[in-house]
Chemist: 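Would you mind keeping the following structure in view while I ask a few things?
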Amino acid sequence: MSVVFNFKNHISELFAQALREVASDQTGVTILIERPKQASHGDYACNLAMQLARPMKKSPRDIAQALIAALPKSDVIEKVEIAGAGFINLFLSKAAKQAIVHAVLHAGAGYGHLHLGAGRRVQVEFVSANPTGPLHVGHGRGAAVGDCLCNVLHAAGWNVTREFYYNDAGAQIDNLTRSVQLRCKGVTPDDPSWPEAGYRGDYIADVARAYLAKETIEADDQRTTGSGDVEDLVSIRHFAVAYLRREQDLDLRAFNVEFDVFSLESALYTEGKVEDTVNRLIASGHTYEQEGALWLRTTDFGDDKDRVMRKTDGGYTYFVPDVAYHLEKWRRGFVRVINEQGADHHSTITRVRAGLQALDVGIPKGWPDYVLHQMVTVLKNGEEVKISKRAGSYVTLRDLIDEVGCDATRYFLAARHPDSQLVFDIDLAKSRSNDNPVYYIQYAHARISTVLETWGGERQALLQADFGLLDSEFEIALLQQLIDYPQVIESAAQDLAPHLVAFYLKELAAAFHSYYNASRFLVDDEQVRCARLALIAATAQVMSNGLALLGVSAPEKM
RNA sequence: GUGCCCAUAGCUCAACCGGAUAGAGCACCAGCCUUCUAAGCUGGGGGUUACAGGUUCGAUUCCUGUUGGGCACACCA
């Protein structure tokens with residue numbers, strides 16, 4: 001029998017053939033294959049007949065009848081039925097489902113890897129925090145969602161570059177410099193002379209202390225030593241930025257997030273990229289001078305008002321280097337770019353896209369893509385937490401990792417749709433009980449590991465098991481979950497929705513726990529034992545693959 | 001005031017680009033450990049999908065309006 005693992009695609013192709021035969025003039029219709037909610041509706045369903053009813057001016061059930069008659073034979077399909085208003089329900093053969101176990105064990109960590117991206121290059125920019133303080137919960141959500149998205153895209157066959165953009169130029173860095181200088185001089189944030197825009201967190205005092213002690217900061221690419229000179233603003237500035245970059249790097253490392261490329265806003269200035277972009281925009285004819293400032297007519301590209309590019313004091317506004325940066329991304333050959341950001345920055349989207357369109361260098365209209373995540377609020381003892389000792393006014397990512405651990409933090413921050421606001425309940429994330437989905441999933445993995453260890457046999461032997469013995473309701477349910485995994489990766493990659501992986505893993509774990517409670521694995525019958533162990537070994541493999549996408553560990557013991 | 005996001009069980013959230021009887025977990029009630037991990041499982045009650053219209057074979061999903069919540073509306077980043 002032929003081996004099929006992507007049943008949705010397979011069935012879709014069968015219907016495409018049937019469609020050509022039944023209605024050759026309707027081949028433009030998209031064929032949608034879905035998984036019915038109810039088991040009695042089969043394993044897969046197709047609504048093609050109902051879609052065709054209007055254009056063909058025939059009843060859906062008649063069309064369904066004709067489609068089924070024209071459907072090419074496939075040995076993975078056992079039964080086809082017409083139901084309801086004209087649904088075509090398909091039932092897979094047991095053998096087709098059982099074959100998935102061998103496929104998973106054979107592919108191992110590669111199970112779930114797709115070719116959707118076909119090796120094309122995609123760049124994902126995320127976190128991109130200003131080097132003016134420690135990373136907070138919001139950055140954590142960006143890190144978790146962005147990193148998981150990268151993992152998902154990689155699994156879907158894309159060549160992914162992870163990038164972090166440092167806004168190390170501009171007014172906020174001047175504020176940082178001044179704040180550190182004041183701390184060096186012994187001025188504290190509660191002093192009346194402390195500037196309104198100054199940074200107040202305790203970490204500023206740490207930076208000042210290190211600067212005065214002439215410490216050397218080692219970042220991945222450079223070393224910076226504080227001069228200790230309180231009046232040397234240039235030195236303070238370099239030192240403070242280096243110090244905080246190092247802090248953020250440590251936070252990210254503790255969160256198991258790594259970047260391929262760090263881009264510096266300051267470099268766009270020193271390398272003349274900003275100036276070049278301005279000149280190109282002027283040449284494009286979309287700019288004008290008014291009241292001593294240079295404006296970009298972003299209203300030509302859908303903005304509700306024009307934006308200042310160059311202020312009367314000669315400095316550029318923030319979006320100008322941002323446009324220059326994105327022009328660089330384009331030139332570096334990224335046909336696809338995804339920016340993961342907090343929703344509070346959503347207003348930049350229109351401006352950046354407008355700037356890129358004004359440049360008229362062939363960049364598509366909706367480029368780049370954006371994934372925006374909504375705000376995170378942190379809950380502890382049922383009350384909202386707002387203050388961190390370290391940062392002053394917000395909860396840091398480090399606080400969360402220290403308190404609830406990396407696994408739970410990553411899971412909770414990535415497990416919600418980015419579009420909805422997130423409540424991070426510290427007590428829930430810490431709880432070692434069945435309320436906590438992280439432990440629920442990891443526990444399933446640990447249970448399987450223990451069974452396999454107790455068994456102590458050779459894993460390779462499981463490939464030879466008689467999978468035909470797997471036909472209890474629990475086994476069939478688990479098989480179906482394993483079959484669904486690649487489809488989840490596909491949806492998550494296409495919708496840029498990494499949270500789907502988290503939901504899937506909960507369902508997979510649930511199917512396993514039910515199975516675990518209903519049956520024993522280390523039974524006397526060798527054939528049965530091997531078949532069951534093969535199934536749970538495959539389950540553990542898919543769990544491990546999925547958890548890896550989330551950046552959550554798959555423990556052998558708990 | 002304008003723009004973007006959101007609104008689903010008491011609580012936290014799903015629902016595969018418009019499908020069939022809207023699903024999980026928690027909480028509540030009743031059960032399951034002489035056995036490979038009870039951090040688990042089984043069963044039960046719980047819904048006018050914020051509200052009002054519209055589009056069509058069919059709407060939680062798309063459109064319009066209303067209400068409520070969040071964010072953004074600088075010659076800031």
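Letters go in sequence order (proteins before strands), and every chain restarts at 1. The analysis underlying the following values was restricted to heavy atoms, covering all of them including side chains, and did not include hydrogens, waters or symmetry mates. Only a predicted model underlies this, so the values are computations on that prediction, with no experimental measurement involved.
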Chemist: Mind calculating the distance between CD1 (A:I349) and P (B:rA72) to the nearest angstrom?
Modeler: 14 Å
Chemist: Applying a 4.0 Å non-hydrogen cut-off, can you work out what A:A444 is touching in the nucleic acid: base, sugar-phosphate, or nothing?
Modeler: nothing
Chemist: Does the B:rU35 base have a donor-acceptor partner in the side chain of A:R520 within less than 3.5 Å?
Modeler: yes
Chemist: Would you mind classifying the nucleic acid contact of A:A446 as base, sugar-phosphate or nothing, using non-hydrogen atoms under 4.0 angstrom?
Modeler: base
Chemist: Scan A:D484 against the nucleic acid and name what it touches under 4.0 Å (heavy atoms): base, sugar-phosphate only, or nothing.
Modeler: nothing
Chemist: A:T348 near the nucleic acid: base, sugar-phosphate alone, or nothing, with a heavy-atom cut-off under 4.0 Å?
Modeler: base
Chemist: Quick check, does A:H345 stack with B:rA77? I mean ring centres under 5.5 Å and planes off by under 30°.
Modeler: yes
Chemist: Enumerate all atom pairs, one protein N or O and one N or O from nucleotides 6-12 of chain B, separated by less than 3.5 Å.
Modeler:
{"from": "B:rU12", "atom 1": "O2'", "to": "A:R416", "atom 2": "NH2", "distance (Å)": "3.2"}

Chemist: What is the nucleic acid contact for A:D303, judged by heavy atoms within less than 4.0 Å: base, sugar-phosphate only, or nothing?
Modeler: nothing
Chemist: Report which part of the nucleic acid A:S449 touches: base, sugar-phosphate, or nothing (heavy-atom distance under 4.0 Å, all strands).
Modeler: nothing
Chemist: Nearest-Å distance, NZ (A:K506) to C1' (B:rC26)?
Modeler: 10 Å
Chemist: Determine, for nucleotides 56-64 of chain B in 5'-to-3' order, which nucleotides have protein heavy atoms under 4.0 Å from the base (write B), from only the sugar-phosphate (write S), or from neither (write -).
Modeler: SS-------
Chemist: Is A:F87 stacked against the base of B:rA20, taking the criterion as centroid distance under 5.5 angstrom and interplanar angle under 30°?
Modeler: yes
Chemist: Would you measure the distance from the C1' atom in B:rC36 across to the matching atom in B:rA50 and give it in whole Å?
Modeler: 49 Å
Chemist: Starting at atom CG of A:D304, determine the distance to atom C1' of B:rG1, rounded to an integer number of angstrom.
Modeler: 12 Å
Chemist: Quickly work out the A:F319 CZ to B:rA72 C1' distance and round it to whole Å.
Modeler: 17 Å
Chemist: Need one value for A:T312: base, sugar-phosphate or nothing, where a base atom within 4.0 Å counts as base even if backbone is also close, heavy atoms only.
Modeler: base
Chemist: Over all strands shown, is A:M558 touching base, sugar-phosphate only, or nothing at heavy-atom distances under 4.0 angstrom?
Modeler: base
Chemist: Anti or syn, where syn is a glycosidic angle within 90° of 0; which label fits B:rC32?
Modeler: anti
Chemist: Ignoring hydrogens and angles, are the base of B:rA77 and the side chain of A:N175 linked by a donor-acceptor pair under 3.5 Å?
Modeler: no
Chemist: Assign A:H513 to base, sugar-phosphate, or nothing according to its heavy-atom contacts below 4.0 angstrom with the strands shown.
Modeler: sugar-phosphate
Chemist: Give a yes or no on whether a donor-acceptor pair under 3.5 Å exists between the nucleobase atoms of B:rC16, that is its base, and the side chain of A:K8.
Modeler: yes
Chemist: If we only count heavy atoms from C-beta on, is the A:F474 to A:S519 side-chain gap below 4.5 Å?
Modeler: no
Chemist: Classify the nucleic acid contact of A:E507 as base, sugar-phosphate or nothing, counting any heavy atom under 4.0 Å across all strands shown.
Modeler: nothing
Chemist: When rounded to the nearest 0.5 angstrom, what is the spacing between CD in A:E403 and OG1 in A:T409?
Modeler: 9.5 Å
Chemist: Could you tell me if the side chain of A:H326 sits less than 4.5 Å from the side chain of A:R353, heavy atoms only?
Modeler: no
Chemist: By the 4.0 Å heavy-atom rule, please label A:T454 as base, sugar-phosphate, or nothing.
Modeler: sugar-phosphate
Chemist: Regarding A:E490, tell me which of base, sugar-phosphate or nothing describes its non-hydrogen contacts under 4.0 Å with the strands shown.
Modeler: nothing
